[in-house]
Amino acid sequence: MRSQAIRTLATASSGATNAPKLSVADKAKLARILRVNHAGEIGADYIYRGQLWALRNDPKVAPIIQHMWEQEKKHLRTFDDVLGANRVRPSALRPLWEAAGFALGAATGLIGKEAAMACTEAVETVIGQHYNDQLRDLMTMEDSEGVKELQQVVKQFRDEELEHLDTAVELDSKKAPLHSALNFVIQTGCRAAIWIAKRV
């Protein structure tokens, strides 16, 4: 699916095939979607990197974090490719997303596995909602093959992010110290990052 999505997205944006040509407004919306998703996957990559660093010696949780991290790496590779194929500039704040992601993952991991899972719960809740919002936006675009393929990619990644959310809850995320406050702060930060990454 990934290579097909890259090819059809690129041609739909450029108008190189007989597929419906995207309007200027839809091209701008597509660019924002790709940019923010790429930035978000950078942040997720570094969150799980930080969590695994902090909890690397936990025999139960470390393999689960590793599995979730591998999925995030796949997401990032996909958006790396699609971003390049569509000649969309990435967020200029990549060093910030990397540093903030690692710091968040490591800090919550050092508090304990419950706090690390509370972090995952909060992040994936926002990302699940974010991907649902994107799917609604994509449904308003021209019915081109590229947009259809992007919808499928976003649906797949959303479902995997929601699996991470379920996993976090199963691993006692709600037992984290000050869970409600932690959840609120992380979700607020994620929403702010999404707003910024669309633009910068």
Side-chain angles (χ1 to χ4, degrees), residues 1-3 5 36-83 90-91 93-132 134-135 152-194 197:
M1 177 188 290
R2 191 178 74 177
S3 60
V36 72
N37 286 0
H38 182 252
E41 296 302 345
I42 291 169
D45 177 43
Y46 275 82
I47 287 171
Y48 285 110
R49 188 187 300 250
Q51 287 184 349
L52 190 59
W53 172 80
L55 294 167
R56 60 193 178 278
N57 294 323
D58 187 312
K60 178 181 179 180
V61 176
I64 295 172
I65 294 174
Q66 182 70 57
H67 170 70
M68 295 191 288
W69 187 18
E70 291 303 324
Q71 289 185 315
E72 298 297 350
K73 291 178 184 178
K74 177 190 70 175
H75 298 178
L76 179 55
R77 287 194 300 269
T78 298
F79 283 117
D80 267 335
D81 291 344
V82 178
L83 209 67
S91 170
L93 300 177
R94 180 168 186 149
L96 174 61
W97 308 136
E98 292 176 352
F102 186 86
L104 179 60
T108 53
L110 288 171
I111 295 170
K113 76 173 184 67
E114 292 83 4
M117 291 302 104
C119 171
T120 296
E121 176 195 357
V123 170
E124 302 297 21
T125 296
V126 173
I127 297 307
Q129 295 166 351
H130 170 66
Y131 275 149
N132 281 333
Q134 284 190 349
L135 288 169
Q152 293 306 309
V153 170
V154 170
K155 284 179 182 178
Q156 178 190 340
F157 290 1
R158 176 204 59 191
D159 291 346
E160 290 174 354
E161 306 290 7
L162 293 178
E163 286 176 11
H164 299 174
L165 168 58
D166 292 341
T167 298
V169 173
E170 289 170 4
L171 290 174
D172 298 327
S173 64
K174 296 188 184 300
K175 293 182 180 179
L178 301 174
H179 173 269
S180 295
L182 192 62
N183 189 275
F184 174 78
V185 169
I186 294 173
Q187 286 198 22
T188 300
C190 286
R191 292 190 179 100
I194 288 169

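Residues take their numbers from the sequence shown, with the count starting at 1. Just so it is clear, the values below take in all heavy atoms, side chains as well, and ignore hydrogens, waters and symmetry mates.
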So do W53 and R56 actually touch side chain to side chain, heavy atoms under 4.5 Å? yes

How close do A116 and Q51 get, heavy atom to heavy atom, and via which atoms? O-NE2, 3.0 Å

Can you tell me how far apart CD1 (I64) and CG (L171) are? Round to the nearest 0.5 Å. 4.5 Å

Over all heavy atoms of both residues, which pair between T108 and A115 is shortest? Give the atoms and the distance, please. O-CB, 3.4 Å

From F157 atom CZ to L162 atom CG, the distance as rounded to the nearest 0.5 Å: 13.5 Å

Quick one, Q129 and R191 - any side-chain contact, counting heavy atoms below 4.5 Å? yes

Quick one: pull up CZ in F79 and CG in D81 and give me the separation to the nearest 0.5 Å. 11.0 Å

Heavy atoms only: give me the nearest A62-L55 pair and the separation to one decimal. CB-O, 3.5 Å

Report yes or no: do E41 and T78 form a side-chain donor-acceptor pair below 3.5 Å? no

Less than 4.0 Å between a side-chain N and a carboxylate O, is that true for K174 and E121? yes

Under 3.5 Å, is there a donor-acceptor pair between the Q71 and H75 side chains? no

Heavy-atom side-chain proximity of W69 to H164 below 4.5 angstrom: no

Decide whether Q156 and Q152 meet the rule of one side-chain donor and one side-chain acceptor closer than 3.5 Å. no

What I'd like to find out is whether the side chain of V154 reaches to under 4.5 Å of the side chain of H130, using heavy atoms alone. no

Taking all non-hydrogen atoms of both residues into account, name the closest pair between A122 and I186 and its distance. CB-CG2, 3.7 Å

Atom OG1 of T188 and atom CZ of F184: how far apart are they, to the nearest 0.5 Å? 3.5 Å

Are side-chain heavy atoms of V82 and H38 found at a separation under 4.5 Å? no

As an exercise, state the distance from CG of L178 to CD1 of I111, rounded to the nearest 0.5 Å. 9.0 Å

Taking all non-hydrogen atoms of both residues, which atom of Q134 and which atom of N37 are closest, and how far apart? NE2-OD1, 2.6 Å

Kindly determine whether E70 and I65 satisfy side chain to side chain contact (heavy atoms under 4.5 Å, CB included), including the steps that lead there. CA-CA 9 Å; E70 291 303 324; I65 294 174; over 6 Å; no

Do I127 and C190 have side chains that approach each other closer than 4.5 Å (heavy atoms only, starting at C-beta)? no

Heavy atoms only: give me the nearest V169-S173 pair and the separation to one decimal. CA-OG, 3.4 Å

Quick test of your reading of the model: are R49 and D45 salt-bridged, counting only N-O distances below 4.0 Å? yes

Taking the side chain from D172 and the backbone from K175, do they hold a donor-acceptor pair closer than 3.5 Å? no

Looking only at side-chain N and O atoms, does E114 offer a donor or acceptor that is under 3.5 Å from a partner on H179? no

For L110, does the CG atom have more than 12 heavy-atom neighbours from other residues, nucleotides or ligands under 6.0 Å away? yes

Stepwise, does the salt bridge (charged side-chain N to carboxylate O under 4.0 Å, His left out) test hold for R158 with E161? CA-CA 5 Å; R158 176 204 59 191; E161 306 290 7; over 6 Å; no

Does the pair E98/R94 count as a salt bridge with the N-to-O cut at 4.0 Å? yes

Evaluate the side-chain proximity of Y46 to W97: yes if any heavy-atom separation is below 4.5 Å, no if none is. no

Using side chain to side chain contact (heavy atoms under 4.5 Å, CB included), reason through V123 and T120 one step at a time and then give a plain yes or no. CA-CA 5 Å; V123 170; T120 296; 6.0 Å; no

E160 pairs by salt bridge (charged side-chain N to carboxylate O under 4.0 Å, His left out) with which of K73, K74, K155? K74

